[in-house]
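Notes to accompany the following structure.
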Amino acid sequence: MEQTLVIIKPSAVERRLIGKVVGRIEDKGMIISGMKMIQLDERILREHYAHLVDRPFFPDLVKSMTATPVIVMVLTGIDVVNVFRTMTGSTNGRKAAPGTLRGDFCMSGQANIVHASDSPENAKIEIARFFSPNEIFNYAPVDMSFFYADDEL
Ligand code: TYD
């Protein structure tokens, strides 16, 4: 199965939305294979958001992403990168579709509550950036056969 990286951003931590985000992930049937609280800093954000370092809003992005600790998670599931990206919604919360995390919980293009890897290749790189192998757990919940058909597993 595929894996993706999630960051529950300071904008969600401040607003006590961790439980709601985690609840939606669990309700959907994605497996939480790793989860911890960490404090981000400018060094790791320059790496994680390398494609944005030269943009004028980058200093504000660093400020918002370091305002509190964050929750980082590894999710496992079939096509999970695409599934969680769709569930996250478009970057700007004001344009994100209702029903998505950003569409339901935020009004901002920066304070947009979650990060979701955008491709399986980037997910591998991002997971390795935030997790060591012994922090990722390979287990199969007993209800998997109720979330997937036999020929999908
Ligand atoms: P990006 O990788 O373009 O979007 P996404 O998070 O949807 O994959 O941007 C990363 C983060 O940078 C985005 O979640 C919030 C911040 N950002 C801004 O603050 N202003 C902007 O104009 C853009 C494009 C992004």
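We count ligands from 1, going down the list as the structure has it; atoms in each ligand are counted the same way.
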Donor-acceptor pairs under 3.5 Å, side chain of residues 145-153 to any protein atom, not counting sequence neighbours: which ones?
residue	atom	partner	partner atom	Å
Tyr148	OH	Ile78	N	3.1
Glu152	OE1	Ala149	N	2.7

Original post:
Under 4.5 Å between any side-chain heavy atoms of Phe130 and Val74, yes or no?
Top reply: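 Side-chain contact under 4.5 Å: no.
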Original post:
Which residue pairs satisfy the side chain to side chain donor-acceptor pair (under 3.5 Å) criterion with at least one member in residues 82-98, sequence neighbours excluded?
Top reply: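 Passing the test, one end in residues 82-98: no pairs.
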Subject >> Donor-acceptor under 3.5 Å (Lys63 side chain, Phe58 main chain) >> reply: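 Not a single qualifying donor-acceptor pair exists.
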Subject >> N/O donor-acceptor pair under 3.5 Å between Ser117 side chain and Leu5 backbone >> reply: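 Yes.
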For residues 17-30, tabulate all N or O donor-acceptor pairs below 3.5 Å that involve a side-chain atom, not counting sequence neighbours.
residue	atom	partner	partner atom	Å
Arg24	NH1	Gly99	O	3.0
Arg24	NH1	Asp104	OD2	3.3
Arg24	NH2	Asp104	OD2	2.7

**OP:** With a 4.0 angstrom cut-off on heavy atoms, strictly below it, pick out the residues next to ligand 1 and order them by chain and number.
**Re:**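 Lining ligand 1 at under 4.0 Å, by heavy atoms, one finds Lys9, Tyr49, His51, Leu52, Phe57, Leu61, Arg85, Thr91, Arg102, Gly109, Gln110, Asn112.
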